[in-house]
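Worth saying up front: this structure is predicted, and the values here are computed from it rather than measured. In what follows, every chain begins at residue 1, and chains take the letters A, B, ... in the order their sequences are listed.
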2 protein chains.
Amino acid sequence: MKKVKLSDVAAAAGVSSATVSLVLSDNADGRVSENVEKRVRAAATKLRYSPNLVARSLRTQKSKTIGLISDTVATTNFAGQMLAGAEETAWKRGWLIIFVDTSADSRNEERAINALLQRNVEGFIYASMFHRKLDYPPQLKYQPTIFLHCSLNSPDTHSSVVPDEYASASLAMDYLIKNGHREIGWIGITNPTVGGCERSRAYVDAMKKLKVTGYKSLMFNTFESYANDGYVGAMKLLKGARRPTALFCFSDRMAMGAYRAANEVGLRIPQEISIMGFDNQPHIAEALWPPLSTMQLPHYEMGTWAAERLIDELENQDSESILCEQKVITCKLIERDSVAPHHPMKG
Amino acid sequence: MKKVKLSDVAAAAGVSSATVSLVLSDNADGRVSENVEKRVRAAATKLRYSPNLVARSLRTQKSKTIGLISDTVATTNFAGQMLAGAEETAWKRGWLIIFVDTSADSRNEERAINALLQRNVEGFIYASMFHRKLDYPPQLKYQPTIFLHCSLNSPDTHSSVVPDEYASASLAMDYLIKNGHREIGWIGITNPTVGGCERSRAYVDAMKKLKVTGYKSLMFNTFESYANDGYVGAMKLLKGARRPTALFCFSDRMAMGAYRAANEVGLRIPQEISIMGFDNQPHIAEALWPPLSTMQLPHYEMGTWAAERLIDELENQDSESILCEQKVITCKLIERDSVAPHHPMKG
DNA sequence: TTCTCCTAGTTAATCGTTTAACCAGTTAAA
DNA sequence: TTTAACTGGTTAAACGATTAACTAGGAGAA
């Protein structure tokens with residue numbers, strides 16, 4: 001049951017292990033006769049040879065392995081999707097990912113990066129669980145690294161990929177506007193995350209462009225974005241003097257609260273009140289009744305992009321053609337049944 | 001910026017690298033003078049030496065790395081929790097996890113195991129995304145492996161950890177019964193998964209023990225467990241001739257559908273109808289109104305157990321004291337506000 | 001004196017690859 | 001006839017640790 005190694009193949013084929021190595025790594029351009037090459041390959045497949053990557057890695061300083069370090073517990077499905085996106089594309093390209101979670105503790109982070117470096121990982125993906133800007137983790141500064149779901153304060157040398165919050169929220173607003181809504185309410189958060197700021201900025205700009213006066217009275221913000229916050233906000237807006245015809249919610253969870261409010265106030269969705277979410281939380285957006293129209297965050301795609309990009313960089317280290325890029329990806333509009341056309345004449 | 005290696009430390013301390021190795025791996029029992037030991041340690045910390053695990057792994061055949069292979073896309077938060085549990089305990093014990101997802105494709109699985117073996121992983125965690133029984137993946141038969149969220153048809157040599165579906169569902173039934181309910185409805189699935197079978201068996205046994213006659217008319221099963229299936233089932237039960245006072249749902253998603261049904265029928269939760277979920281889906285159970293009482297699946301704990309156990313085995317390979325064990329973990333009852341006492345006299 | 005046993009290390013083999021440098025035999029060019 | 005260039009390989013030195021086997025010098029015992 002011992003693992004078969006290069007020298008076993010060499011012995012079986014009656015050549016030196018150098019020759020086997022040359023053949024098997026396709027470096028045998030004219031250095032090995034067809035005859036010998038055949039023998040070597042036959043022996044290799046017969047013995048089911050598979051190279052020991054640890055030995056190869058020691059020699060070549062390459063490991064075909066990348067380290068993914070995430071700043072916080074990876075238990076959300078969003079985190080899962082980023083991971084899955086990265087892992088799947090890595091796998092497709094013959095790479096593997098070692099994953100470590102630092103719980104946002106910087107001492108831990110240092111140890112983690114070190115543990116990965118000790119294993120000869122060739123590059124890093126640094127993933128954040130919520131969209132934010134950050135400074136270089138010092139040890140990563142000189143390592144090939146892609147920043148995933150976060151961007152750098154000084155993006156001079158490394159690439160990053162984040163969702164385009166502003167464009168996506170604008171898309172959502174366009175959708176409501178296209179459906180005839182002008183009196184659109186906003187239910188959001190004051191917590192100054194990138195998402196919170198950019199989405200509400202998109203709302204404001206759209207309302208300005210629509211020339212809706214006094215739209216500020218149609219906005220309600222809480223610090224957090226739980227269902228109950230959405231409920232409170234929606235109640236305030238729906239029972240207020242100026243009732244919006246549509247509600248744009250910062251998150252699907254808030255939208256879930258808005259559903260409860262609409263229900264309590266006796267407003268039918270979407271006939272009497274349209275509701276738009278954000279995130280496309282699986283199991284919420286679909287499971288609500290009526291199913292929630294929302295924007296799908298590109299977690300999977302971002303994970304994909306990060307891995308693809310990093311591997312590109314690592315596989316073409318010589319050609320300096322690859323520049324650093326700050327990639328943004330726009331969310332996809334998921335049309336379900338919570339938004340209906342509004343006809344001003346009827347209202 | 002070159003990495004410092006053993007021989008650099010040796011040169012700095014004025015000794016051979018063998019000596020450095022002995023000192024640094026605490027194998028220097030009486031073979032190295034105190035004086036030299038001090039010098040070596042000083043040099044090592046001064047140069048910030050950290051060993052190259054690839055080289056060490058080549059020599060010792062150990063890698064302090066374990067492979068986690070999962071059978072299907074790891075995008076659910078449940079999968080995330082299992083992963084996080086495994087990764088965190090591994091990390092705490094100085095181990096790292098390489099994670100690969102085989103998309104339930106057995107050819108892929110073979111390649112995955114191979115890719116991990118090539119990297120000298122010392123053992124495996126084989127994780128399933130839904131609770132099931134399976135046969136040995138052939139290549140894993142002779143590898144140290146823990147089966148996570150799945151168990152073996154012939155559990156003779158390897159350990160596994162799964163939730164105790166029957167005991168957990170019994171607990172949920174006990175909770176409803178303790179609250180005075182006898183006419184308890186079941187909303188479940190016919191899909192013959194371990195969870196589906198065991199949970200409904202627990203329901204049936206509890207009803208039998210309660211001596212509720214004709215409880216079969218209180219059961220409704222669909223093939224899948226989406227919110228809409230729960231809605232359909234709850235409508236049938238709530239509008240039927242024999243209206244239950246409590247509903248035990250196979251999943252939180254079905255419970256979500258049951259909420260809609262109760263709402264539509266005009267039954268207040270929990271005053272007029274109690275609802276019990278299963279899974280404790282984050283963002284659903286909490287966000288529903290009223291918050292859903294449910295059973296929390298021990299995903300994180302199972303991940304923890306698997307890693308802990310595997311590392312125990314790997315670190316004490318000599319002592320054969322560790323037997324194979326089929327571990328079951330019972331779910332935790334999460335009391336929220338969807339279950340209220342029922343008073344028979346009042347009904 | 002000779003033998004044995006410590007002490008405090010060092011030497012060198014080894015893990016399984018890759019790859020630069022070499023080499024013997026032919027063939028082609030000058 | 002030299003010289004150079006191929007052809008089809010082989011040898012041996014890495015990569016960076018670990019560890020069994022050795023050693024030099026001194027002490028103690030017979």
Side-chain angles (χ1 to χ4, degrees), chain A residues 1-41 43-44 47-65 114-115 117-122 318, chain B residues 2-41 43-44 47-65 114-115 117-122:
Chain A
M1 251 331 221
K2 277 292 278 166
K3 267 222 105 187
V4 15
K5 49 191 166 178
L6 205 56
S7 58
D8 298 329
V9 178
V15 294
S16 73
S17 21
T19 304
V20 178
S21 176
L22 258 16
V23 168
L24 263 30
S25 58
D26 292 324
N27 275 340
D29 46 324
R31 304 180 45 146
V32 176
S33 68
E34 225 176 292
N35 190 354
V36 167
E37 176 162 351
K38 243 184 227 159
R39 256 179 22 232
V40 168
R41 290 196 191 281
L47 297 180
R48 301 168 144 277
Y49 170 72
S50 100
N52 179 324
L53 293 196
V54 170
R56 177 183 289 172
S57 174
L58 178 59
R59 179 63 231 258
T60 61
Q61 309 291 17
K62 312 231 170 289
S63 60
K64 284 240 168 194
T65 306
N114 211 38
L117 248 18
Q118 287 185 329
R119 281 163 175 90
N120 273 17
V121 301
E122 294 183 50
D318 33 326
Chain B
K2 277 290 278 167
K3 267 222 104 187
V4 14
K5 50 189 166 177
L6 206 56
S7 58
D8 297 330
V9 178
V15 295
S16 74
S17 22
T19 304
V20 177
S21 177
L22 291 176
V23 168
L24 262 30
S25 57
D26 292 324
N27 276 339
D29 46 325
R31 303 178 48 143
V32 176
S33 69
E34 226 177 292
N35 190 356
V36 167
E37 176 162 351
K38 244 183 226 159
R39 258 181 18 235
V40 167
R41 290 198 191 279
L47 297 180
R48 301 170 142 275
Y49 169 71
S50 99
N52 180 323
L53 293 196
V54 170
R56 177 183 288 170
S57 174
L58 179 59
R59 181 64 230 261
T60 62
Q61 310 292 16
K62 312 233 169 286
S63 60
K64 285 237 164 198
T65 306
N114 210 38
L117 249 17
Q118 287 185 330
R119 282 164 174 89
N120 273 17
V121 301
E122 295 182 50

| Which listed nucleotide (D:dA17, C:dT19, C:dT17) is nearest to the side chain of B:Tyr49? | D:dA17
| query | Atom OG in A:Ser25, atom CG in A:Asn27: separation rounded to 0.5 Å? | reply | 4.0 Å
| message | Reading DNA chain C from 5' onward, which residue's closest nucleotide shows up sooner: B:Gly30 or A:Val54? | response | B:Gly30
| message | I want to verify a distance call: between C:dT19, C:dC15, D:dA17, whose nearest atom is closest to the B:Leu6 side chain? | response | D:dA17
| note | The side chain to side chain donor-acceptor pair (under 3.5 Å) partners of B:Arg31 (sequence neighbours excluded) come to none
| task | Starting at the 5' end of nucleotides 20-27 of chain D, put B wherever the base has a protein heavy atom under 4.0 Å, S where only the sugar-phosphate does, and a dash everywhere else. | result | -B------
| Which residue pairs pass the salt bridge (Lys or Arg N to Asp or Glu O under 4.0 Å) test when at least one of the two sits in residues 14-28 of chain A, sequence neighbours left out? | A:Asp26-A:Arg41
| request: Whole angstrom is fine here: how far is it from CG in A:Asn52 over to P in D:dC15? | output: 18 Å
| NA contact type, A:Ser16, heavy-atom cut-off 4.0 Å: base, sugar-phosphate, or nothing? | base
| task | Mind calculating the distance between CG (B:Leu47) and P (D:dG16) to the nearest angstrom? | result | 15 Å
| said: Could you tell me how far apart A:Leu24 (CG) and C:dT19 (P) are, to the nearest whole angstrom? | reply: 13 Å
| note | Between CD of B:Glu34 and P of C:dT7 the distance, given in whole Å, is 15 Å
| task | Can you sort out the partners of B:Ser16 under side chain to side chain donor-acceptor pair (under 3.5 Å), two or more places apart, ordered by chain and number? | result | B:Thr19
| field | Residues in side chain to side chain donor-acceptor pair (under 3.5 Å) contact with B:Thr65, at least two apart in sequence or another chain | value | A:Arg119
| request: Using side chain to side chain contact (heavy atoms under 4.5 Å, CB included) as the criterion, list what pairs up with B:Ala44, not counting sequence neighbours. | output: B:Val9, B:Leu24, B:Tyr49
| said: Checking B:Ser21 now: which residues fulfil side chain to side chain donor-acceptor pair (under 3.5 Å) with it, not counting sequence neighbours? | reply: none
| message | Under 4.0 Å, heavy atoms only, any strand: does A:Val36 hit a base, just the sugar-phosphate, or nothing? | response | sugar-phosphate
| request: Measure from the side-chain heavy atoms of B:Leu58 and tell me the nearest of C:dC15, D:dC15, D:dA17. | output: C:dC15
| Whole-Å gap separating P (C:dT19) and CG (A:Asp26) | 13 Å
| query | Does B:Gln61 put a side-chain nitrogen or oxygen below 4.0 Å from OP1 or OP2 of C:dT14? | reply | no
| Quick one: is C:dG9 close enough that its OP1 or OP2 comes under 4.0 Å of any side-chain N or O from B:Ser33? | yes
| A:Lys62 NZ to D:dA14 P: how many Å, rounded? | 20 Å
| Interatomic distance where CG belongs to A:Asn120 and P belongs to D:dG16 [whole Å] | 9 Å
| field | A:Ser17 side chain near C:dG16 phosphate (N/O to OP1/OP2, under 4.0 Å) | value | no
| task | Give one of base, sugar-phosphate or nothing for B:Ser21, where a contact means two heavy atoms less than 4.0 Å apart. | result | base
| note | Under a 4.0 Å heavy-atom cutoff, the residues of residues 8-15 of chain A touching DNA chain D are A:Val15
| request: Round to a whole Å and report the spacing from CZ of B:Arg56 to P of C:dG16. | output: 18 Å
| task | Using modelled atom types only, decide if a donor and an acceptor are shared between the side chain of A:Glu122 and the backbone of A:Lys62 within a distance under 3.5 Å. | result | no
| message | As a quick check of understanding, evaluate side chain to side chain contact (heavy atoms under 4.5 Å, CB included) for B:Ser63 and A:Val54, giving each step before the final call. | response | CA-CA 9 Å; B:Ser63 60; A:Val54 170; over 6 Å; no
| message | If the condition is salt bridge (Lys or Arg N to Asp or Glu O under 4.0 Å), which residues does A:Lys64 pass it with, not counting sequence neighbours? | response | A:Glu315
